[in-house]
Undergrad: 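Pasting a structure below so you can have a look.
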Amino acid sequence: HVQLVESGGGSVQAGGSLRLSCATNAAVFSDNCFAWFRQIPGREREGVASISIGNGLTDYTDSVKGRFTISLDVAKDTAFLDIDALKVEDTAVYYCAATPESYSECPRARARYEYWGHGTQVTVS
């Protein structure tokens, strides 16, 4: 049974930083791609960062490049999203996701991911 559990969200002032964590079970880390998404009410869920479990290759949406960093700690079965220089427009529910499919570069499209966490709220003011 695959489980993804996010934590680390909260309310912060603009310009601050957060580290989001996604605890998983070992079954997920045999899969190929991991990603973080965010969703603002009334808008589509947006893939903000992805990482290949196999080669560590990362990809980011343009609006977060230079501020967001996705990483993995395979020994702890945990994925992270470090967010710096937070902006009000970063306010959203953040979700982690994983897929067993193989990609040369991990996608950020929602439809490509099979396993999802329940999300953690980030509010920037």
Side-chain angles (χ1 to χ4, degrees):
H1 177 63
V2 176
Q3 289 184 315
L4 303 176
V5 181
E6 302 95 337
S7 62
S11 297
V12 295
Q13 291 188 336
S17 299
L18 277 177
R19 165 169 268 202
L20 305 184
S21 300
C22 181
T24 76
N25 54 10
V28 174
F29 274 82
S30 66
D31 299 332
N32 287 355
C33 289
F34 204 97
W36 283 92
F37 290 74
R38 65 184 180 186
Q39 189 164 22
I40 300 167
R43 297 182 63 178
E44 292 291 319
R45 191 170 296 185
E46 173 192 28
V48 296
S50 65
I51 186 168
S52 167
I53 296 169
N55 61 27
L57 188 67
T58 60
D59 185 52
Y60 299 90
T61 192
D62 286 345
S63 62
V64 308
K65 286 180 180 177
R67 300 190 299 119
F68 287 26
T69 303
I70 187 172
S71 61
L72 298 168
D73 185 334
V74 177
K76 296 182 178 179
D77 295 332
T78 302
F80 302 98
L81 184 68
D82 289 296
I83 309 175
D84 296 319
L86 277 158
K87 302 177 180 180
V88 172
E89 52 263 42
D90 294 322
T91 296
V93 178
Y94 284 74
Y95 300 88
C96 58
T99 175
E101 298 297 325
S102 178
Y103 297 97
S104 56
E105 294 184 3
C106 292
R108 289 183 284 103
R110 179 178 183 176
R112 300 295 185 182
Y113 287 84
E114 179 175 342
Y115 307 123
W116 292 86
H118 293 292
T120 185
Q121 175 72 46
V122 173
T123 302
V124 185
S125 59

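Fair warning: this is a prediction, and the values are worked out from it, not measured in the lab. In this chain, residues are counted from 1 in sequence order.
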Undergrad: Is there a path from Val12 to Phe68 through hydrophobic residues (I, L, V, M, F, W, Y) whose side chains come within less than 4.5 Å of each other?
TA: yes
Undergrad: Answer yes when Asp62 and Lys65 have at least one side-chain N-carboxylate O distance shorter than 4.0 Å, and no when they do not.
TA: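 Result for this pair is yes, salt bridge flagged.
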Undergrad: Does NZ or CZ of Arg45 fall inside the cone over Tyr95's six-membered ring, less than 6.0 Å from its centre and within 45° of the axis?
TA: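 Yes, Arg45 and Tyr95 form such a contact.
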Undergrad: With a 4.5 Å cut-off on side-chain heavy-atom distances among I, L, V, M, F, W and Y, is there a chain of contacts connecting Val93 to Val122?
TA: no
Undergrad: Can you list the steps and then say if Ile70 with Leu81 is a side chain to side chain contact (heavy atoms under 4.5 Å, CB included)?
TA: CA-CA 5 Å; Ile70 187 172; Leu81 184 68; 4.3 Å; yes
Undergrad: Among Arg38, Gln39, Gln121, which one satisfies side-chain hydrogen bond (donor to acceptor under 3.5 Å, both in side chains) with Tyr94?
TA: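 Per the side-chain hydrogen bond (donor to acceptor under 3.5 Å, both in side chains) rule, the option paired with Tyr94 is Arg38, out of Arg38, Gln39, Gln121.
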Undergrad: Mind checking whether Ser63 and Glu46 have side chains closer than 4.5 Å, heavy atoms only?
TA: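 A side-chain contact under 4.5 Å exists here.
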Undergrad: Is the backbone of Thr91 close enough, under 3.5 Å, to the side chain of Thr123 for a donor and an acceptor to pair up by distance?
TA: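 Such a contact is absent between Thr123 side chain and Thr91 backbone.
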Undergrad: Answer yes if Val74 and Leu4 sit in the same cluster of Ile, Leu, Val, Met, Phe, Trp and Tyr residues linked by side chain heavy atoms under 4.5 Å apart, and no otherwise.
TA: yes
Undergrad: Run the side chain to side chain contact (heavy atoms under 4.5 Å, CB included) test on Asn25 and Val2 for me, step by step, so that the C-alpha distance in whole Å, both residues' side-chain angles and the decisive distance to 0.1 Å come before the verdict.
TA: CA-CA 6 Å; Asn25 54 10; Val2 176; 4.3 Å; yes
Undergrad: How about Tyr115 and Pro100: do any of their side-chain heavy atoms sit closer than 4.5 Å?
TA: yes
Undergrad: Determine whether a donor-acceptor pair (N or O, by modelled atom type, separation under 3.5 Å) exists between the side chain of Thr99 and the backbone of Arg112.
TA: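 It does hold such a pair.
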Undergrad: Can you pull the disulfide (SG to SG under 2.5 Å) pairs that have at least one residue in residues 10-46, sequence neighbours excluded?
TA: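 Residue pairs with at least one partner in residues 10-46: Cys22-Cys96, Cys33-Cys106.
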Undergrad: Heavy-atom distance under 4.5 Å between the side chains of Tyr60 and Thr69, does that happen here?
TA: yes
Undergrad: Glu101: which residues meet the side chain to side chain donor-acceptor pair (under 3.5 Å) condition with it, sequence neighbours left out?
TA: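 With sequence neighbours excluded, Glu101 shows a side chain to side chain donor-acceptor pair (under 3.5 Å) to no residue whatsoever.
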Undergrad: Would you indicate whether Gln13, at its atom CD, is surrounded by more than 12 heavy atoms from other residues, nucleotides or ligands within a distance under 6.0 Å?
TA: no
Undergrad: Test Arg67 against every option in Asp82, Asp90, Asp84 by the side-chain hydrogen bond (donor to acceptor under 3.5 Å, both in side chains) rule and name the one that passes.
TA: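 So the option named by the test is Asp90.
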Undergrad: Under the 3.5 angstrom rule, does the side chain of Thr120 hit a backbone N or O of Ser7 as a donor-acceptor pair?
TA: no
Undergrad: Would a 4.5 Å heavy-atom cut-off, applied to side chains only, mark Arg108 and Asp59 as touching?
TA: yes
